[in-house]
2 protein chains.
Amino acid sequence: MTESDSAAESPRPRRRRKEARPGEIIDAGLQEFAENGFAATRLEDVAKRAGVVKGTIYRYFSSKEELFEAALSSRITPFFDDVAGLVAAYPGSSEDLVRTALPRIYKALFEDGLHVLMRIIITEGGRFPAIAEQYHRRVISRGQEVLTALVRRGVESGEFRRSALTELPIVIVAPAVMTIVWKMTFDRFEPIEARRFLAAHVDMVLEGLLARDDKTEK
Amino acid sequence: MTESDSAAESPRPRRRRKEARPGEIIDAGLQEFAENGFAATRLEDVAKRAGVVKGTIYRYFSSKEELFEAALSSRITPFFDDVAGLVAAYPGSSEDLVRTALPRIYKALFEDGLHVLMRIIITEGGRFPAIAEQYHRRVISRGQEVLTALVRRGVESGEFRRSALTELPIVIVAPAVMTIVWKMTFDRFEPIEARRFLAAHVDMVLEGLLARDDKTEK
DNA sequence: CCTGTTAATGACCAGGAAGTCATTAACAGG
DNA sequence: CCTGTTAATGACTTCCTGGTCATTAACAGG
């Protein structure tokens with residue numbers, strides 16, 4: 001236990017990786033911000049998670065806020081493009097299209113990591129208008145366009161009935177939003193099964209959209 | 001501009017109001033917490049808003065966190081009781097019941113101040129399990145019971161079709177949750193009209209729940 | 001009107017975290 | 001192998017805010 005025999009006290013191996021650092025820091029930041037929120041996140045923790053030292057962060061980002069914005073911007077891939085393509089090219093009925101599109105949104109959200117992003121937007125969006133604005137423009141508006149296209153398709157083919165819902169198609173994805181909120185607050189007390197949730201979601205949406213025709217079996 | 005002629009420098013009038021203070025501080029705290037979140041809220045600001053000085057807060061609450069919890073607990077009135085009563089006593093059809101109940105939920109949320117509470121739960125619930133738990137037990141569970149009762153009523157009368165949605169009735173209120181989230185993030189860029197939103201909501205829910213009977217008019 | 005109790009004040013302290021910077025040592029290029 | 005450039009370090013500074021406490025002055029009760 002003498003201090004001289006300690007193999008500890010490793011002075012920390014340095015490594016210069018100009019290319020990789022920013023990305024690693026952003027990843028770490030995203031995680032921390034999602035867990036703690038902006039104000040409660042310590043840059044020290046972000047640094048630890050990224051395997052660097054706090055000072056290093058400032059070589060790439062000039063402030064905590066800049067890191068925050070960079071982290072969020074970096075991930076705003078218009079993920080609705082996937083669904084947009086689907087809607088544009090789908091050969092089958094509009095009902096089947098909905099049954100295909102909604103699971104895909106859930107997949108993007110929960111299997112790929114998109115819900116982490118959404119969580120941050122939900123919790124911090126109100127306090128960072130610039131970020132919320134960007135997100136609104138690049139994700140939400142886009143999503144509304146896609147939903148509008150989807151709804152129009154169904155209405156024009158006669159499958160969907162025109163209604164207040166078809167005038168405000170964003171409401172269609174509400175259950176997905178609720179799922180995100182649930183996961184971040186109540187899931188530990190009452191875990192939700194994504195599968196059942198999705199089923200109920202599809203059910204609600206579809207029976208609300210479908211014009212009745214063959215379903216007259218009373 | 002001499003300093004002696006300044007009628008300013010009022011030394012702040014003291015007032016002893018043991019009864020009223022806690023409530024005023026809680027109100028102020030609720031506002032600040034809703035606007036800034038727990039971590040970013042300064043007790044100094046809460047004090048200013050309440051018309052007192054920071055030290056005064058500590059006469060009634062022993063820490064920032066205790067104030068936070070007290071503020072939230074104080075408002076967890078089981079507001080679903082209103083709707084519960086409605087469901088239990090409603091004389092008309094289940095469709096009409098839904099058309100009556102949903103607007104009432106929106107009213108509680110947006111006209112009375114309940115959405116402020118919800119906003120805090122949504123943004124901070126993940127970081128304060130004790131609070132989320134309380135809320136889950138006293139509001140969410142209660143809400144689910146009410147929705148379950150409502151759905152069962154409709155199913156038993158034959159008005160509603162049994163489905164994945166009737167197995168998971170919480171999904172029914174998802175659009176209201178989305179509205180809260182929207183108001184706190186995107187409303188400044190694209191304000192939503194509660195009326196239209198509610199209409200679309202009712203529309204989606206109802207057509208999803210209603211078994212088809214008379215609606216065979218194609 | 002006096003006076004003891006205690007609500008309220010505001011100056012203060014301590015700790016924590018954002019941000020800085022002089023120093024160090026990887027690495028590339030000669 | 002040498003050496004200049006600069007990525008990376010970590011000790012340091014500064015500021016902010018939660019929390020404390022001695023002092024003050026409302027008010028109630030005698």
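On a predicted model such as this, the values are computed, not experimentally measured, just so you know. We name chains A, B, ... by the order of the sequence lines, and we start the count at 1 in each one.
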Ion pair check, A:Asp45 and A:Lys54, cut-off under 4.0 Å
no
Please tell me which of the listed nucleotides, D:dG10, D:dT17, D:dA8, lies nearest to the side chain of A:Arg17?
D:dA8
Assert yes or no for the condition that the ring centre distance of A:Phe128 to A:Phe38 is strictly below 6.0 Å.
yes
Check whether any side-chain nitrogen or oxygen of B:Arg21 sits under 4.0 Å from OP1 or OP2 of C:dA8, and answer yes or no.
yes
Is the count of non-hydrogen atoms from other residues, nucleotides or ligands lying under 6.0 Å from A:Arg188 atom CZ greater than 12?
yes
CD of B:Glu207 to CE of A:Met204: how many Å apart, nearest 0.5 Å?
12.5 Å
Measuring from A:Ile120:CD1 to A:Arg75:CZ, what's the distance to the nearest 0.5 Å?
9.5 Å
Start with the C-alpha distance between B:Arg137 and B:Glu133, add both sets of side-chain angles, then the distance that settles salt bridge (charged side-chain N to carboxylate O under 4.0 Å, His left out), and finish with yes or no.
CA-CA 6 Å; B:Arg137 191 157 32 78; B:Glu133 197 273 335; 3.2 Å; yes
If you find the nucleotide of DNA chain D closest to B:Arg15 and the one closest to B:Glu44, which residue's nucleotide is nearer the 5' end?
B:Glu44
Rounded off to whole Å, could you give me the CD-to-C1' distance for the B:Glu24 and C:dA8 pair?
13 Å
When you match B:Leu43 and B:Arg16 each to their closest nucleotide on DNA chain D, which lands nearer the 5' end?
B:Leu43
Scan residues 56-71 of chain B against DNA chain C and write down, sorted by residue number, each residue with any heavy atom closer than 4.0 Å; if none is found, say none.
B:Thr56, B:Arg59, B:Tyr60
Each base of DNA chain C marked ( ) or [ ] if paired in-strand (Watson-Crick or G-U under 3.5 Å), | if paired to another strand and . if unpaired gives ||||||||||||||||||||||||||||||
Here the distance between atom C1' of C:dA7 and atom CD1 of B:Ile25, to the nearest Å, is 11 Å
If you define the side chain from C-beta out and look only at heavy atoms, does anything of B:Ile122 sit under 4.5 Å from A:Thr123?
no
Any salt bridge linking B:Arg49 with B:Glu35? Criterion: basic side-chain nitrogen under 4.0 Å from a carboxylate oxygen.
yes
Would you call the rings of A:Tyr106 and A:Phe110 parallel, tilted or perpendicular if under 30° counts as parallel and over 60° as perpendicular?
tilted
Under 3.5 Å, which N/O atoms of the protein pair with N/O atoms of nucleotides 11-14 of chain D?
none

Gap between atoms CG and C1', on A:Asn36 and C:dG16 respectively (whole Å)
15 Å
Any A:Arg14 side-chain nitrogen or oxygen under 4.0 Å from OP1 or OP2 of C:dA25
no
Got a salt bridge between A:Arg17 and A:Glu24, using NZ or NE/NH1/NH2 to carboxylate O under 4.0 Å?
yes
Among side-chain atoms of A:Glu69 and A:Ser73, is any donor-acceptor pair under 3.5 angstrom?
no
Interatomic distance where CD belongs to B:Glu19 and P belongs to C:dA7 [whole Å]
10 Å
